[in-house]
Participant: 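I have a structure I would like to understand better, so I am pasting it below and will then ask my questions one at a time.
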Protein chains: 2
Amino acid sequence: MEQSSKKSALSEKDGVNQPQSLSNSSVEVIKQMRRKQPSAQELIDGILAKDKVALSRAITLVESTNPEHLEKANTIIQACLPHANKSIRIGITGVPGVGKSTFIEAFGKHITSLGRKVAVLAVDPSSTISHGSILGDKTRMEELVKDENAFIRPSASGETLGGVARKTRETIILCEACGFDTIIIETVGVGQSETAVHSMVDFFLLLKISGAGDELQGIKRGIMEMADAIVINKADGDNIAKAKLAKTEFNRALHLFPAKQSGWIPTAATCSSYTKEGIDTVWKTISDYFELVKTNHYFEEKRQNQNQFWMMETINEQLKSNFYNHPEIIKLLEENKKAVQNDEISPFAAAINLLGKYFKS
Amino acid sequence: MEQSSKKSALSEKDGVNQPQSLSNSSVEVIKQMRRKQPSAQELIDGILAKDKVALSRAITLVESTNPEHLEKANTIIQACLPHANKSIRIGITGVPGVGKSTFIEAFGKHITSLGRKVAVLAVDPSSTISHGSILGDKTRMEELVKDENAFIRPSASGETLGGVARKTRETIILCEACGFDTIIIETVGVGQSETAVHSMVDFFLLLKISGAGDELQGIKRGIMEMADAIVINKADGDNIAKAKLAKTEFNRALHLFPAKQSGWIPTAATCSSYTKEGIDTVWKTISDYFELVKTNHYFEEKRQNQNQFWMMETINEQLKSNFYNHPEIIKLLEENKKAVQNDEISPFAAAINLLGKYFKS
């Protein structure tokens with residue numbers, strides 16, 4: 001259809017011309033703004049000067065899929081690295097409904113009142129579909145969002161947990177360089193996201209609410225073993241007695257697990273994000289933990305292990321991704337899977353076949 | 001030293017000649033035998049005719065590091081595959097001292113008495129060092145070894161668990177084609193060997209003895225969750241009361257774990273390999289399990305998943321092995337690890353560096 005004919009469902013009558021849908025002057029202003037992207041150096045200077053706007057923009061580069069942005073992001077991360085690592089990193093997990101946002105708001109406010117600076121990040125690989133369910137709705141943390149010493153950033157999106165995890169790890173570095181000394185990373189129990197968060201934090205907190213008495217049922221495999229503390233939230237009003245019972249049961253269950261490498265003995269506690277009762281005790285527990293692991297040097301050891309883990313993990317993921325996305329392998333893999341399923345070939349012989357083709361090409 | 005001078009600590013006096021240390025006729029006989037290596041087809045025919053000697057020789061080929069032997073092994077496995085898979089596979093784990101050998105002897109004798117044919121294999125990656133600690137000393141299963149319907153084979157040796165696991169998986173195929181309808185795979189709690197065995201069996205049994213009352217302490221992480229049954233051995237004489245207490249405690253602990261995908265509810269039981277008390281109940285439990293999973297089709301589903309798992313596992317291990325054994329990577333990896341440790345480079349940037357070099361070369 002030609003431009004000049006102006007046929008549109010909206011131009012009902014001939015002679016009644018539609019107004020221009022674009023304002024030329026606005027376009028100019030937007031173009032002007034786009035041109036003023038800050039340089040990597042400007043962002044680095046901003047972050048180190050504790051400017052939250054510069055921090056936000058740098059994180060946007062980390063989350064971008066544009067190779068040019070990623071290169072810029074890498075320059076910024078590289079410059080921030082010497083200023084990072086001086087925080088404590090706390091992971092918080094809990095299924096929807098346990099009140100993660102209200103807990104983080106109450107907990108965050110408590111620690112900023114102690115003079116700390118807190119950054120709240122999230123790992124939620126499902127956010128690509130749900131458009132950032134965790135922390136997406138910042139109004140759920142109304143008070144913390146307004147706090148000058150707090151920084152809240154919703155989960156990065158990405159197709160894989162590995163991708164989201166990488167972005168969050170790099171965001172931690174930027175937040176730390178920007179002067180945040182307490183990093184909170186929130187996650188929900190989606191897939192392996194707890195394991196990913198566990199491998200990027202120093203302390204891992206499992207948030208629960210008291211239920212119908214069978215508290216231990218329904219906890220995902222392995223989560224209890226990862227927890228450094230279990231906090232039963234919503235211990236207020238009629239819930240107090242139930243929450244205390246749940247605490248006893250969790251303490252007993254925690255006792256069954258083998259001792260932790262950190263030397264730390266995990267415990268259960270109750271709190272109310274509404275009355276704020278117990279919030280200070282949670283912080284006290286976490287402080288005790290850090291005193292212990294900084295004294296026995298588990299802190300540095302764990303961080304170094306985590307760094308090595310992420311290096312190896314990235315390599316291993318990339319090696320697999322290269323293989324499984326190879327056009328010929330995609331085709332042959334299906335055939336070989338079927339042959340293995342029908343007992344026409346052993347799993348090992350199939351693997352050797354595929355590897356042979358891959359390395360030849 | 002020259003041959004003709006015949007100087008030896010054993011020839012004390014000149015003039016008293018030592019007898020020839022080799023009998024020439026025996027040498028000829030041995031050479032003759034060596035030449036008569038059976039062909040792949042002969043071994044296949046032997047296995048399918050239920051000949052245990054042919055089975056043993058084929059397993060030796062599977063375990064060989066000689067590429068020619070491996071090729072022959074692959075031909076045999078390929079031919080055996082259509083005749084395999086018709087057994088039940090039981091994994092048994094337990095730390096040294098719980099009486100694994102005596103249990104397997106008593107249990108094995110019980111099931112051969114029911115008309116079944118049982119093959120006992122082992123996965124022990126430490127056997128390269130300890131020269132086959134598990135099942136190495138066949139005399140520990142004196143009765144079973146003499147049983148015509150039993151076949152016992154010590155652990156393959158290998159430098160990696162992956163290697164040992166591959167050999168055991170392939171040996172299972174050969175045993176099944178040879179008519180063994182019950183495969184028992186023994187392992188000790190060395191490294192990840194339980195996980196490897198768990199992923200090649202249908203039923204996983206944890207063998208324990210009653211201790212000082214704190215039965216649950218000291219169980220390796222994750223083992224309880226893998227177990228389809230816990231059997232407390234040595235429940236005889238003065239031990240009976242303690243064993244019954246342990247059984248109660250294990251039953252309670254098993255209850256804490258989430259439901260199994262198989263629909264099976266794991267339980268604890270006691271038995272004595274000495275008085276044979278309870279051995280029949282263990283077999284009854286295992287039979288019940290197989291009735292359940294064959295009815296609800298979990299049996300086939302799990303085997304297919306296991307096959308796919310082993311195919312992918314072999315691929316992933318090989319991809320990593322190729323990378324980490326690449327001469328340039330070996331050198332660069334150390335440098336990059338150090339740089340990551342000193343916060344000179346982020347784990348991701350280091351990974352990308354290394355991958356770039358690898359794929360370029």
Participant: If you count every heavy atom of other residues, nucleotides or ligands that lies below 6.0 Å from Lys86(B) atom NZ, does the total exceed 12?
Facilitator: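 Correct, the count exceeds 12.
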Participant: Is the closest side-chain heavy-atom distance between Ile315(B) and Tyr324(A) below 4.5 Å?
Facilitator: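 Side chain of Ile315(B) against side chain of Tyr324(A), heavy atoms only: contact under 4.5 Å found.
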Participant: Is any side-chain heavy atom of Met311(A) less than 4.5 Å from a side-chain heavy atom of Leu333(B)?
Facilitator: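 SC-SC contact between Met311(A) and Leu333(B) confirmed.
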Participant: Using a cut-off of under 4.5 Å on heavy-atom pairs, state which of Ala350(B), Ser346(B), Ala84(B) scores highest against chain A.
Facilitator: Ser346(B)
Participant: Quick one: what part of Ile77(A) sits under 4.5 Å from any heavy atom of chain B, side chain, backbone, both or neither?
Facilitator: side chain
Participant: Could you tell me which of Arg166(A), Lys320(A), Gln318(A) has the largest number of non-hydrogen atom pairs under 4.5 Å with chain B?
Facilitator: Arg166(A)
Participant: Under 4.5 Å from any heavy atom of chain B, what part of Asn322(A) do you find: side chain, backbone, both or neither?
Facilitator: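 Interface part for Asn322(A): side chain.
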Participant: Are more than 12 heavy atoms, taken from residues, nucleotides or ligands other than Glu335(B), located less than 6.0 Å from that residue's CD atom?
Facilitator: yes
Participant: Determine whether a donor-acceptor pair (N or O, by modelled atom type, separation under 3.5 Å) exists between the side chain of Gln308(B) and the backbone of Pro347(A).
Facilitator: no
Participant: Do Pro82(A) and Asp343(B) have side chains that approach each other closer than 4.5 Å (heavy atoms only, starting at C-beta)?
Facilitator: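 Not in contact.
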Participant: With a sphere of 6.0 Å drawn around CD of Glu71(B), does it hold more than 12 non-hydrogen atoms of other residues, nucleotides or ligands?
Facilitator: no
Participant: Nearest 0.5 Å, what's the CE-CZ distance between Met312(A) and Phe323(B)?
Facilitator: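 Here the rounded value is 8.5 Å.
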Participant: Is it the backbone or the side chain of Ile345(A) that comes under 4.5 Å from a heavy atom of chain B, or both, or neither?
Facilitator: both
Participant: Check each atom of Glu344(A) against the heavy atoms of chain B and say whether the ones under 4.5 Å are side chain, backbone, both or neither.
Facilitator: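 Glu344(A) touches chain B through backbone heavy atoms alone.
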Participant: Using non-hydrogen atoms only, which part of Leu354(A) is less than 4.5 Å away from chain B: side chain, backbone, both, or neither?
Facilitator: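 Only the side chain of Leu354(A) comes within 4.5 Å of chain B.
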Participant: Given heavy-atom pairs under 4.5 angstrom as the criterion, report whether the side chain, backbone, both or neither of Asn85(A) touches chain B.
Facilitator: side chain
Participant: Would you say the side chain of Gln341(A) lies within less than 4.5 Å of the side chain of Asn307(B), judging by non-hydrogen atoms?
Facilitator: no
Participant: For Ile330(B), is the CD1 atom crowded, meaning more than 12 foreign heavy atoms sit under 6.0 Å from it?
Facilitator: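 Counting other residues, nucleotides and ligands, CD1 of Ile330(B) exceeds 12 neighbours.
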Participant: Any non-hydrogen side-chain atom of Tyr358(B) less than 4.5 Å from a side-chain atom of Leu319(A)?
Facilitator: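 Yes; the side chains approach each other to less than 4.5 Å.
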Participant: Examine whether an atom of Phe309(A) lies under 4.5 Å from a heavy atom of chain B, and if so say whether it belongs to the side chain, the backbone or both; otherwise answer neither.
Facilitator: neither
Participant: Under a 4.5 Å heavy-atom cut-off, does chain A meet the side chain of Leu355(B), its backbone, both or neither?
Facilitator: side chain
Participant: Around atom NZ of Lys294(A), are there more than 12 heavy atoms of other residues, nucleotides or ligands at under 6.0 Å?
Facilitator: yes
